[in-house]
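Take a look at the structure set out below.
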Amino acid sequence: MSALKLALVQLSVGAQKAANLARARTKVLEAAKAGANIVVLPECFNSPYGTQYFGQYAEEIDSAKPSVSTQALSEMARESKVYLVGGSIPELEPSTGDLFNTCTVWSPEGQMVAKHRKVHLFDIDFPGKIVFKESDVLKPGNALTEFATPWGKFGVAICYDMRFPEVAMVAARRGCVGMIYPGAFNQTTGPLHWELLLRARAVDNQIFTAACSPALDTGATYHAWGHSTIVDPYARVVGTTAAAEDIVYGTLDLGLVDEVRKSVPVNSQRRFDVYPDVSRS
Ligand SMILES: O=C(O)CCC(=O)C(=O)O
């Protein structure tokens with residue numbers, strides 16, 4: 001199998017949904033033309049990020065009944081012949097009226113192959129800096145998510161999910177070679193933890209990790225950190241950027257997963273007898 005080229009589209013996102021979808025399409029096609037096999041869009045790529053926007057931009061996600069954004073994602077994947085991790089969009093569950101922050105994943109044929117509802121909602125309070133409470137408006141998902149590619153399986157989770165090591169740990173134990181996180185950290189927690197968390201999830205699990213942010217828009221109510229980043233199983237940064245719109249590329253040598261696991265065999269050295277409260281499965 002040839003090396004895998006991963007592209008993170010750090011998209012400029014504005015208030016017009018149609019313009020966001022059109023811009024995403026242009027950038028996905030650009031990444032595919034540059035040889036990318038898997039392309040990732042950011043968290044909330046079709047709307048500004050903020051609890052006040054979720055209801056207004058929400059769409060039903062039903063593969064039998066495409067919505068504006070899911071139709072656009074399916075076409076982008078098919079047109080560019082890539083696996084497309086479609087960032088996230090606010091999802092409306094029509095049976096209950098509940099809203100979720102949801103990532104869909106698309107095959108090169110334009111089929112939806114995975115759907116992840118953000119499991120851990122972003123509720124934080126940094127006095128004087130940032131207060132954000134997704135749970136005011138959103139409901140959490142209740143499942144972990146992965147999708148298969150010719151290069152191996154990848155786990156998918158969204159932004160704040162990255163702070164929970166269990167998500168990446170379970171994905172790695174289920175055989176995933178990487179975790180992909182559409183995310184939108186901010187100017188407070190971004191510099192503190194974004195790269196650290198990606199490198200931590202990579203070193204603990206000996207997998208690739210990648211997180212794709214929207215570009216910083218200083219005119220928006222939420223100031224995204226940007227810095228979309230790809231990390232290898234040695235926890236080395238293989239691609240990153242600053243806060244402006246950009247595409248981050250990384251050529252992933254999947255052989256590194258086995259290489260690092262042979263060199264540092266923590267996988268086979270776990271002492272579940274010493275910490276029996278940690279699940280073995
Ligand atoms: O965990 C953080 O610091 C930021 C998380 C976030 O922005 C999100 O979950 O959307």
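First listed ligand is number 1; within each ligand, the first listed atom is number 1.
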Do the two ring centres, one from Tyr53 and one from Tyr222, sit under 6.0 Å apart?
no
Taking atom types as modelled, find out whether Asp161 and His120 have a side-chain donor-acceptor pair closer than 3.5 angstrom.
yes
Once side-chain contact (heavy atoms from CB on, under 4.5 Å) is applied, do any residues pair with Leu29, and if so which ones, sequence neighbours excluded?
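For Leu29 the side-chain contact (heavy atoms from CB on, under 4.5 Å) partners, ignoring immediate neighbours, are Arg25, Glu79, Ser80.
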For the pair Tyr49 and Phe132, name the ring-plane relationship: parallel under 30°, tilted 30 to 60°, perpendicular over 60°.
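Answer is parallel, since the angle falls under 30°.
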With a 4.0 angstrom cut-off on heavy atoms, strictly below it, pick out the residues next to ligand 1 and order them by chain and number.
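Ligand 1 is contacted, at a heavy-atom distance under 4.0 Å, by Glu43, Tyr49, Lys118, Phe122, Cys159, Tyr160, Arg163, Ala184, Phe185, Thr189, Tyr222.
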With the threshold set at 4.0 Å, does a side-chain nitrogen-carboxylate oxygen contact exist between Asp136 and Lys133?
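Yes.
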Between Glu30 and Lys27, is the closest basic N to carboxylate O distance under 4.0 Å?
yes
